[in-house]
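In this chain, residues are counted from 1 in sequence order.
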Amino acid sequence: MAETRTENPGNRGSIGTAGTIVLWVLQALLAVVFVMAAVPKFLGDPTMVATFEAVGVGQWLRYVTGVVEIAGAIGLLVPRFTGPAALGLVGVMIGATVTNLLTAPPIAVVTVVLGALLALVAWRRWSSVRALLGR
């Protein structure tokens with residue numbers, strides 16, 4: 001059986017069927033991770049409340065972050081929005097990494113890894129970013 005190749009208009013080269021499947025599995029896993037990260041924020045988990053209290057901006061940021069994480073998780077699963085969602089979540093991970101470095105340094109490793117995986121998705125799905133921008 002011949003391997004089909006998918007051209008990526010974002011000039012990122014082509015990936016085979018296996019690469020496409022791996023990318024979709026990664027996107028789905030990241031979506032689950034971000035839903036699981038958002039739920040405690042909405043439920044007022046004491047750790048989340050304490051973390052956002054330590055940031056000093058207010059608890060409203062906990063809710064905004066939860067909404068952005070849910071929206072990003074959904075976006076990772078919608079082909080048209082995959083690239084922009086991954087890019088937006090990279091921004092969230094940058095903020096989370098800075099926060100974690102100030103409040104719980106060992107956890108920053110997790111946010112850096114998630115950010116790197118999201119950057120990979122954004123890079124591979126760059127054509128969806130360009131399409132949304134009309135370029």
Q. Are L101 and V113 co-members of a hydrophobic cluster defined by side-chain heavy atoms under 4.5 Å apart?
A. no
Q.
Just verifying a value: how many Å separate T47 OG1 and I107 CD1, rounded to the nearest 0.5 Å?
A. 8.5 Å
**Q.** Residue pair A38 / G66: nearest heavy atoms and the distance that separates them
**A.** CB-O, 3.6 Å
Q.
Measuring only between side-chain heavy atoms, which start at C-beta, is M93 closer than 4.5 Å to F34?
A. yes
Q) Taking all non-hydrogen atoms of both residues, which atom of A119 and which atom of V90 are closest, and how far apart? A) N-CG2, 3.6 Å
Q. Can you name the closest pair of heavy atoms from A37 and P40 and give their distance?
A. O-CD, 3.5 Å
Q) Shortest non-hydrogen contact from S128 to G83? A) OG-N, 2.9 Å
Q) Same hydrophobic cluster for L117 and W123, using side-chain heavy-atom links shorter than 4.5 Å among ILVMFWY? A) yes
Q.
With a 3.5 Å distance limit and no angle check, can you tell me whether D45 reaches the backbone of K41 through a side-chain donor-acceptor pair?
A. no
Q.
In the structure I gave you, are the side-chain heavy atoms of E69 and V35 within less than 4.5 Å of one another anywhere?
A. no
Q.
Main chain of G58, side chain of E53: is a donor-acceptor contact present, judged purely on distance under 3.5 Å?
A. no
Q.
Using modelled atom types and a 3.5 Å cut-off, is there a donor and acceptor pairing between side-chain atoms of T82 and backbone atoms of R125?
A. no
Q.
Hydrophobic clusters here meaning ILVMFWY residues chained together by side-chain heavy-atom distances under 4.5 Å, can you tell me if V22 and L30 are in one?
A. no
Q.
Could you go through L26 and L120, starting from their C-alpha distance and side-chain angles, then the distance that decides it, and tell me whether this counts as side chain to side chain contact (heavy atoms under 4.5 Å, CB included)?
A. CA-CA 10 Å; L26 175 60; L120 173 67; 4.2 Å; yes
Q. Are L118 and V110 linked, directly or through other ILVMFWY residues, by side chains that come within less than 4.5 angstrom of each other?
A. yes
Scan the side chains in residues 70-80 for donor-acceptor partners under 3.5 Å anywhere in the protein, sequence neighbours excluded, and list what turns up.
none

**Q.** Shared hydrophobic cluster, V57 / V98 (ILVMFWY, side-chain heavy atoms < 4.5 Å)
**A.** no
**Q.** Test item: F52 and T99 side chains (from C-beta on) under 4.5 Å apart, heavy atoms
**A.** no
Q: Give me the one residue out of L23, L87, L89 that meets side-chain contact (heavy atoms from CB on, under 4.5 Å) with V121.
A: L23
